[in-house]
Structures are given as structure tokens and as C-alpha cells.
Amino acid sequence: MSFKDLQLNRPILRAIAQKGYDNPTLVQEKAIPLVLDKKDVIVSAQTGTGKTAAFALPILQLLFDRQEGPKKGKKIKALVVSPTRELAIQIAENFTSYATHTNLTSTVIFGGASIEPQIEKLKNGVDILIATPGRLLDLHKQDQINLDYIETLVLDEADLMLDMGFIDDVKKIERLCPSTKQTLLFSATIPYKVEQLASSILNQPKRIEVAQNSSTSKNVNQLLYFVPKKDKIELCLHLLRNTIKGHIIIFRRTKYGVDKLEKTLLKNGYKADSIHGDKSQTARQEALNKFKKKEVNILVATDVAARGIDIDNLDAVVNFDLPNVPETYVHRIGRTARAGQSGMAYSLCSADEKSYVLDIQKLIHLQLDVMDDHPYPLDPKAKPIVHKSKKTGSKHKKGRKSEASKKKKKRWY
Ligand code: AMP
């Protein structure tokens, strides 16, 4: 199938050609006709499948025929809600490039950045608004945003949005839009809570499933290193010196872990940067830009910060900490081996993470290749370290509390 078969207008087709896309991806092939037909749609597809264009192109097409000339006084007709700032910016960049040959305008608003320039841009009037939930509601409360003319609402990365605690905000935003609107829900996975949200706000939705790309897993050379937790940093440095080369993302579970590893890498002369939720918007964007421009070749990241961000064609992905959700492993390694190329994934597994490996192998129907030949082997009999809480109550009273202390406790709460 070609983009022409999808009934897209010339100006949009021109922009697609300029982007260098030859044919629609699977999710585009399935979603574009349904969106053009004004259906509500639930799409399960992850980043890298071309899902942004799957909603951006038909939205532009629907608005194109009724586009207005002058910028001023435009009403917002399409709203895209995205959980993270980086993703929102990326979606906005997509809209801008696909709309190059039209008069349609878009803007992006997100928290953690000055509000005034965003208000200024809104005052000019836009057709399409891309927003993170908090800032959107904030500006709506300040009467800077009118959602009365929304024709299409897109909830992108809905599972992440709910994981980040935006459920009430999302529901509120949905209620602020007209009930006649079309709603499109995109999510990497469709867990029960996404299903529930969908059934409460979508109207007879059509479903599109773009299979979890576990075939990606087959193009990735996946190596597994058993290592004591305390030696993970040493093993990581050893692998970077001897084995892992090129453009790399290293995933860690916590923000603290990301910072610690980044510092060690810098101290050891590596060009590294990092992204996680506690960093300012500017710092995160700068790190991403440096990585994309190849000024640094190592990016250390948490899953949430890296989710949805268009960084692919990596030479290698390092799972410094193994994820406890096996699908996350597939997302991570999917960033290497794009477009049929082969890639590398290195996983460092400590004793307490062994069960995660079993879950991952079950999901991808593959055994990871265990690499024994390294300087920090894990004793196969090593048991996970369980940190016992030292607090077993008061030393003197064997845990019994006086009435006074109980009252005090109450006052504390
Ligand atoms: P997404 O899944 O929306 O994050 O898109 C992932 C990447 O695929 C982006 O870099 C897009 O520019 C690119 N892309 C989207 N559609 C196509 C297409 N039809 N052909 C080639 N690349 C595409």
C-alpha cells in the first residue's frame, strides 16, 4: 500500500515525501482510514512503529479542507495529550513538518518551562495543540485555552499517562472537550486500567493492534552477564572498554542510579549524559540533543524518561538494571536493530534479578546468551541479598508503645 492509496492530499503527500517515507507503516495503514472516517480508535502500538504519523497525518487531512487563512483567531480543533514534555515536543515537531505545505498551525505547551511564551503562542491562535496534562489544565483554568471547538482528542501513551498518575487529569480534560468529538487512544500496552479508561470515554471504538515487536528481539544479539550487584559498575566499565562500542543507551531503574552511573562514566573519561524525571526540562532536552547530535555517545536513562522518545538506531542497549516488567525489556532493546538491522543488548543480572530473566525469556521465547567469560562472575549459588529492617521497635520496651506516644503519633499525622 502507498500513501496515495490512503487518500491523503497533495500538500501532505509532499511533506511525507520530503521526510523520506516511502510507504506507510502497518499502524498507519490501519489507523489512517479509520481516523479519516471519524471513528474512535484504540491503538496498541509502541514508539518506533510510526504511530505519531498514524494520528498526525489524518488529523491534518481532516482539518486541511477547512483551513483558515489568517493565523489570528483560529480555534483549537485537535488536541493531543502526552504524558511527558519530551514526547510532547517530539509530536509537535512531527505536526510542524507534516503541515509544512498547509496553513495549519500547531503549538506545544508543557510544564517545567516559563508559561508566558506559551500564552503568547496560544493568543496567536492555533489549529492543533499538543500538551502535557498539568499545564493544559493550568492554562485552561487561566482562560487561555478554549476546548469548546475540539473535534479530535488524542491520548498518546495512555498506559504511561496512567502510570504517572494522570488519570483524573485525563478524565477532566476529556470532559472539557465537546461530547461530539472523536477520541483516539494510543498505548504501548493495554492493561486493565487503560481498558477501563477507554470504555468510559470512547464511543464504540475500533481496535488496532500492532503486535509487540518481539520479532525485533530476534534481530538483537542479546547477551546476559551474571554479576554480583556490587560489581555491576566495574563490569559495565570493563564492557565499555573492551566490548561495547558506538551509540549506546544504558538503562537504570532509579534516578539515583542514573546520576551515580553518569558521574562514574564522566570520571572515567566517557562522553555521557543522562535523562530522568528530576532533571529540569532544559537539562533533559540538552542531553537528548547532545546524544542525537552524537556529541556524547552514552545516554544513561530511566525507563519513564526514555519512553516514547524517538532515539533509535542505537548500536547497543545496556540493561544495567533488569526491568521487573518483561515488556519493558522488549521496549528497551527495540531501540537497537531498527529497520531489519541487527543490534546488541547487554544485560547485567545480579542474584536478586534472576527471576526477571525467566519472565523476559518466557515473553520473547528466546534464551539469552549467558556470557561467563568476564572478571566479575556471580557465584551460581549466590542468594539474593535481603535487606532486613533493623527497626523492630524500641530497644527498651520491646515494641510496646505508651499511650502518650500513641497520642503523639496521632498528632503527628
Ligand atoms: P513514532 O513511532 O511515531 O515515534 O515514529 C518512529 C520513527 O519512524 C520516526 O522517526 C518517524 O519519523 C519514522 N516514520 C514514521 N512513519 C514512517 C514511514 N511511513 N516510513 C519511514 N519512517 C517513518
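Owing to the predicted nature of the structure, the values given are computational and were not obtained by experimental measurement. In this chain, residues are counted from 1 in sequence order. Start at 1 and go down the list; that is how both ligands and their atoms are numbered.
With a heavy-atom cut-off of 4.0 Å, Phe3 touches ligand 1 through its side chain alone. Contact annotation for Ile16 and ligand 1: no heavy atom of the residue comes within less than 4.0 Å of the ligand.
Looking only at atom types and distance, the side chain of His276 has a donor-acceptor partner in the side chain of Asp259 under 3.5 Å away. Gln182 and Thr152 form a side-chain donor-acceptor contact under 3.5 Å, judged by distance and modelled atom types alone.
One N or O on the side chain of Gln28 and one on the backbone of Gly50 form a donor-acceptor pair closer than 3.5 Å. With hydrogens and angles ignored, the 3.5 Å screen pairs a side-chain donor or acceptor of Gln361 with a backbone N or O of Leu368.
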- Message: If you apply the rule side chain to side chain contact (heavy atoms under 4.5 Å, CB included), what do you find for Lys19 with Tyr98, and how did you get there?
- Response: CA-CA 8 Å; Lys19 288 284 278 185; Tyr98 300 141; 4.0 Å; yes
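By the 4.0 Å N-to-carboxylate-O rule, Glu262 lies too far from Arg252 to be salt-bridged with it. Ion pair Glu295/Lys271 not flagged as a salt bridge, since none of the NZ, NE, NH1 or NH2 atoms sits closer than 4.0 Å to an Asp/Glu carboxylate oxygen.
The N/O atoms of Asn23, backbone and side chain alike, include one that comes under 3.5 Å of an N/O atom in ligand 1. Residue Asp22 places no N or O, backbone or side chain, under 3.5 Å from any N or O of ligand 1. Where the criterion is an N or O separation shorter than 3.5 Å, residue side chain and backbone included, Gln90 fails it with respect to ligand 1. Of the N or O atoms in Thr52, one or more lie within a sub-3.5 Å distance of an N or O in ligand 1. In terms of N/O distances under 3.5 Å, ligand 1 is approached by Thr49.
Ligand 1 lies out of reach of Asn94, whose nearest heavy atom is not under 4.0 Å from it.
Within the listing of ligand 1, atoms 1 (P), 2 (O), 3 (O), 5 (O), 15 (C) sit less than 4.0 angstrom from a heavy atom of Gly50.
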